[in-house]
Student: 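Take this structure first; my questions come after.
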Amino acid sequence: MENKKNINNMDYVLVGDYYIPDLKLSHEERPIGKYGWMHRGYLKEHNPMMFNDLVLEGQLWTYLADLNEQAQERLSLIVEQMKVAEGVTEELKAADQMAWIQAMNSILNRAEEIVLQELVYGEDAV
């Protein structure tokens, strides 16, 4: 009797009386990070079909690592653009540290909200 079958481009292995999927995990070394974990939870809750497809194809970790890298790059870009637009400079940091901290915290919070909406939780996130 045959121990392996291929049905719908998916390999199955005979274990006892049942054929179970022969899943192989990808060897992704990149971390999925904060935004990857957040998007994973979002997918699991709001788009379980896509989540299951990514898991079954072995692409979930790669997908989340890519998303995390995109989110980090986008966050850095937005923060730099906001710093320039609002005049938050090293001179302000040297002159008035508390004002600089307030401005940077405000910029970081707003930039993170933009990234969360665009990449993690928004309609375009999926």
Side-chain angles (χ1 to χ4, degrees):
M1 187 176 238
E2 195 175 296
N3 287 341
K4 288 191 175 191
K5 282 189 178 181
N6 188 316
I7 303 170
N8 294 333
N9 295 326
M10 190 165 192
D11 293 324
Y12 290 84
V13 178
L14 182 65
V15 177
D17 293 335
Y18 300 99
Y19 282 97
I20 61 169
D22 186 18
L23 302 176
K24 294 174 180 62
L25 297 174
S26 64
H27 297 286
E28 182 67 55
E29 297 294 325
R30 298 177 297 163
I32 62 173
K34 171 185 176 180
Y35 300 109
W37 280 108
M38 293 170 90
H39 189 64
R40 179 187 176 275
Y42 174 79
L43 280 179
K44 202 170 185 180
E45 180 74 25
H46 298 283
N47 197 344
M49 291 196 60
M50 182 178 178
F51 178 81
N52 289 335
D53 286 345
L54 288 168
V55 169
L56 290 174
E57 293 170 3
Q59 297 298 317
L60 181 64
W61 196 272
T62 303
Y63 172 78
L64 294 175
D66 289 343
L67 183 127
N68 187 62
E69 288 174 2
Q70 291 171 6
Q72 292 288 353
E73 290 170 8
R74 182 82 173 117
L75 182 69
S76 297
L77 177 67
I78 292 171
V79 166
E80 290 305 315
Q81 289 174 343
M82 285 181 162
K83 282 172 55 177
V84 169
E86 296 177 17
V88 179
T89 62
E90 291 298 316
E91 289 80 26
L92 176 62
K93 184 178 180 180
D96 188 359
Q97 288 183 353
M98 288 307 292
W100 182 83
I101 290 171
Q102 288 174 336
M104 285 303 298
N105 283 340
S106 174
I107 288 171
L108 285 171
N109 289 333
R110 288 180 286 145
E112 187 168 47
E113 283 297 320
I114 292 169
V115 168
L116 291 175
Q117 183 61 36
E118 287 180 353
L119 297 174
V120 178
Y121 300 127
E123 292 177 13
D124 299 334
V126 179

Student: Looking at R110 and E86, does any basic side-chain N land under 4.0 Å from a carboxylate oxygen?
Tutor: yes
Student: If you compare all heavy atoms of L119 against all heavy atoms of L67, which two are closest, and at what distance to 0.1 Å?
Tutor: O-CD1, 3.4 Å
Student: CD of E118 to CG of L75: how many Å apart, nearest 0.5 Å?
Tutor: 11.0 Å
Student: Considering all heavy atoms of both residues, which atom of Y42 and which atom of V120 are nearest to each other, and what is their separation?
Tutor: CD2-O, 3.6 Å
Student: Just so I know, are the side chains of K44 and V55 near enough to count as touching, which here means a heavy-atom distance under 4.5 Å?
Tutor: no
Student: Does the pair K34/E112 count as a salt bridge with the N-to-O cut at 4.0 Å?
Tutor: yes
Student: Does a side-chain heavy-atom distance below 4.5 Å link Y63 with M50?
Tutor: yes
Student: Taking the six-membered ring for Trp, are H39 and Y121 ring centroids under 6.0 Å apart?
Tutor: no
Student: Looking at CD1 of I20 and CG of L14, how far apart are the two atoms once the value is rounded to the nearest 0.5 Å?
Tutor: 9.5 Å
Student: At what distance, to the nearest 0.5 angstrom, does CG of N9 lie from CD of E57?
Tutor: 11.0 Å
Student: Evaluate the side-chain proximity of Q72 to Y35: yes if any heavy-atom separation is below 4.5 Å, no if none is.
Tutor: yes
Student: Is the closest side-chain heavy-atom distance between D22 and M10 below 4.5 Å?
Tutor: no
Student: Could you tell me if the side chain of K5 sits less than 4.5 Å from the side chain of V13, heavy atoms only?
Tutor: no
Student: Has N68 got a side-chain atom pairing as donor or acceptor with L64's backbone, closer than 3.5 angstrom?
Tutor: no
Student: Can you give each donor-acceptor pair under 3.5 Å made by side-chain atoms of residues 91-100, sequence neighbours left out, with the distance rounded to 0.1 Å?
Tutor:
residue : atom : partner : partner atom : Å
E91     : OE1  : T89     : OG1          : 3.1

Student: How far does CE of M38 sit from CG of L43, to the nearest 0.5 angstrom?
Tutor: 13.0 Å
Student: N6 versus Y12: any side-chain heavy-atom pair under 4.5 Å?
Tutor: no
Student: Do W61 and L54 have side-chain heavy atoms sitting under 4.5 Å apart?
Tutor: no
Student: Check for me, please, whether L108 and L77 land in the same ILVMFWY cluster - side-chain distances under 4.5 Å, paths through other members count.
Tutor: no
